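Notes follow the structure.
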Amino acid sequence: MTAPILIWLRRDLRLADHPALAAAAAEGPVVLAFCLDEQGGRPFGGASRWWLHQSLAQLGGVTLALGRSEQEIPRLALACGARAVYWNQSADPVLRTVEDRVQAALTVPCRIFPGDTLFAPGSVRSKSGGQFQVFTAFWRAALALPPPARPLPAPAALHVAPCPGLELNALGLMPKLEWWRSMASAWRPGEAGATTLLGAFLDGPVQAYHRQRDRPDHDATSRLSPHLAFGEISPRQIWHAAQAVPPDDGVRTFLKELGWREFSRHLLANHPTLPQVPLRREFAAFPWRDDPAALRQWQMGRTGYPIVDAGMRQLWATGWMHNRVRMVVASFLIKDLLIPWQAGEEWFWDTLVDADSASNAASWQWVAGSGADAAPFFRIFNPVTQGEKFDPDGSYVRNWVPELAHLSTAVIHQPWKLGRVPGYPPPMIDHAAARTRALAAFKGLRGAPEQPRFL
DNA sequence: TGAGTGTTAGT
DNA sequence: CTAACACTC
């Protein structure tokens, strides 16, 4: 009996489309290993831990070698007598340093395979060989490359060897409080759930995607993001499934969103500090405010702006927020409250079931105006206008902010017009004044224009 | 993948 | 009077 190969699953629970699983399966028995608690030193957020538990539990019948941190991979390999270790390379340079340490500590050979992108980080380059700074140029260049490879079929047989490890339930991934019940009713973690969602989406909604995707009150998006984040479905599967649908604006727009994911990963690969440090250096000098009480109001969905509060409560309840609303709440935190985007990035990391370092960091920097191809800082979302435009009859707000459910459509996005609504806070800040303040703060960045000089 | 404001051509 | 546009932040 040959010794098994240990496959480090990292975050890709199913190793969807990755050659590591296929290669190892062809070579004999395998041990599947998964490490919890850390992603390159950053603990999983609470929502992600819940998702992980559900997903791992569904690998029913498959025994996993479970470790607490990635540093334990060499120990697990030793414990199960593996003759080799395979894994998928990450796009995140911080995780790559973890990989380097793991590799250095291994006493058996290892093979590292490409990560989970359509276009490997670094493969989409401008004519001068550099990182694209503009998304549309990036995506045009990507689409001109040879198309992404077809998804790999699942191994016909996977001989999983027994292994020592921790018991899933002993890992304490499930929270003590039962806040996950509302998440459980919104999602079906696991590969089957992902496949169902993709099929249902490509079967109809995708055709209206370009027109409907900005409507949080409609169920117009695929909701595949958490499945993608945990490798339960791969971008290559999505890409090739979408090729079977007649190409139209809906499909193109949908695939373009995968493009943003790719763009983010390219950016993170080139800028390891993307989650912490503004890409545009001048933002280091921005006059942010330290205001824990205001941050808390935003987190709890009690800002007094209905579209913002609806979004934050949808996030809290389901671990997900509609993309349009993400932009609105992010703009509110950054520009109205002048709270550092990193605080929002951290909250999203904790509460999103689709939390992903690259997409999360790149998107927050996009809103802040400090990223690549970012919204200019003076592009400030008006929460009332955005609400009226994208939730025109107020049903999204009514759904998530029950205190406002009885309001007429005319005032649903500006309830203060009625005076005080019982149970709902007044606006925590006057948007018009906040906008002026943000513009002034931004202007200061451009270096005080030279003082007038008198000759 | 903004919004406020002013201008103007078209009703 | 209004929609479309340009310009600015």
Side-chain angles (χ1 to χ4, degrees), chain A residues 132-140 142 206 208-218 220-222 225 249-264 266-267 279-280 282-283 286-287 305-308 311 320-338 341 344-345 348 354 356 358-392 396 413-414 427 429-449:
Chain A
F132 280 104
Q133 298 302 313
V134 176
F135 170 75
T136 45
F138 168 87
W139 194 231
R140 199 182 309 122
V206 70
Y209 183 74
H210 61 298
R211 283 180 279 109
Q212 295 287 330
R213 58 178 241 90
D214 272 327
R215 291 291 296 271
D217 53 336
H218 294 182
T221 66
S222 73
S225 55
D249 288 345
V251 174
R252 263 190 296 278
T253 306
F254 178 57
L255 292 179
K256 199 169 79 181
E257 297 307 309
L258 281 183
W260 279 99
R261 180 178 179 278
E262 302 282 314
F263 187 51
S264 301
H266 268 72
L267 278 178
L279 222 49
R280 293 175 195 252
E282 67 265 29
F283 276 80
F286 194 85
Y305 284 95
I307 191 76
V308 175
W320 186 86
M321 194 194 308
H322 187 278
N323 178 255
R324 165 58 52 176
V325 189
R326 291 190 200 199
M327 293 192 277
V328 175
V329 303
S331 176
F332 188 81
L333 183 77
I334 294 169
K335 298 179 180 178
D336 287 57
L337 300 181
L338 292 184
W341 60 266
E345 195 272 347
F348 272 27
D354 64 24
D356 170 272
S359 297
N360 200 29
S363 302
W364 276 94
Q365 293 225 33
W366 183 88
V367 178
S370 64
D373 197 14
F377 190 88
F378 48 75
R379 188 179 288 168
I380 296 172
F381 287 71
N382 180 326
V384 175
T385 315
Q386 290 284 312
E388 290 172 344
K389 200 164 165 187
F390 297 111
D391 180 30
Y396 178 75
H413 290 293
Q414 29 194 340
I429 195 167
D430 175 60
H431 173 71
R435 177 173 183 270
T436 309
R437 179 176 71 171
L439 289 173
F442 175 68
K443 228 175 183 176
L445 274 196
R446 312 256 108 169

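None of the values given here were measured: they were computed from a predicted structure. Labels below follow one simple rule: chain letters A, B, ... track the order of the sequence lines, proteins then strands, and each chain is numbered from 1.
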- Item | F390(A): ring-ring contact (aromatic ring centres under 6.0 Å, His included) partners, not counting sequence neighbours | none

- For P287(A), side-chain contact (heavy atoms from CB on, under 4.5 Å) partners two or more places apart: A441(A)

Interface polar pairs with nucleotides 3-5 of chain B, N/O, under 3.5 angstrom:
from   : atom 1 : to      : atom 2 : distance (Å)
dA3(B) : OP1    : N382(A) : N      : 3.0
dA3(B) : OP1    : Q386(A) : NE2    : 3.1
dA3(B) : OP2    : Q386(A) : NE2    : 3.4
dG4(B) : OP1    : N382(A) : ND2    : 3.3

- Item | Under the side-chain contact (heavy atoms from CB on, under 4.5 Å) test, residues paired with S359(A) that sit two or more places apart | R261(A), S264(A), D356(A)

- Are R213(A) and D249(A) within salt-bridge range, i.e. N to O under 4.0 Å? no

- DNA chain B contacts among residues 358-371 of chain A, heavy-atom distance under 4.0 Å: W366(A)

- Message: Can you list everything that forms a salt bridge (charged side-chain N to carboxylate O under 4.0 Å, His left out) with R215(A)? Sequence neighbours excluded, please.
- Response: D217(A)

- Query: Atom CZ of F377(A) to atom P of dC9(C): distance rounded to whole Å?
  - Reply: 16 Å

- Query: Can you tell me if the side-chain N/O atoms of R324(A) get under 4.0 Å from OP1 or OP2 in dG2(B)?
  - Reply: yes

- Message: Just to be sure I understand the rule, does R326(A) reach a base, reach only the sugar-phosphate, or reach nothing, if contact means heavy atoms closer than 4.0 Å?
- Response: nothing

- Item | side chain to side chain donor-acceptor pair (under 3.5 Å) contacts touching residues 365-375 of chain A (sequence neighbours left out) | Q365(A)-S370(A)

- Would you please name every residue forming a side-chain contact (heavy atoms from CB on, under 4.5 Å) with K389(A), sequence neighbours left out? none

- Item | Atom-to-atom span, CD1 of I307(A) to P of dG2(B) - whole angstrom | 13 Å

- Query: How many Å lie between CZ on R261(A) and P on dT1(B), as a whole number?
  - Reply: 23 Å

- Query: Expressed in angstrom and rounded to an integer, what is the separation of Y209(A) atom OH from dT1(B) atom P?
  - Reply: 13 Å

- Who pairs with A434(A) by side-chain contact (heavy atoms from CB on, under 4.5 Å), at least two apart in sequence or on another chain? D336(A), I429(A)

- Rounded to whole Å, the NZ-C1' distance (K335(A) to dC9(C)) equals 12 Å

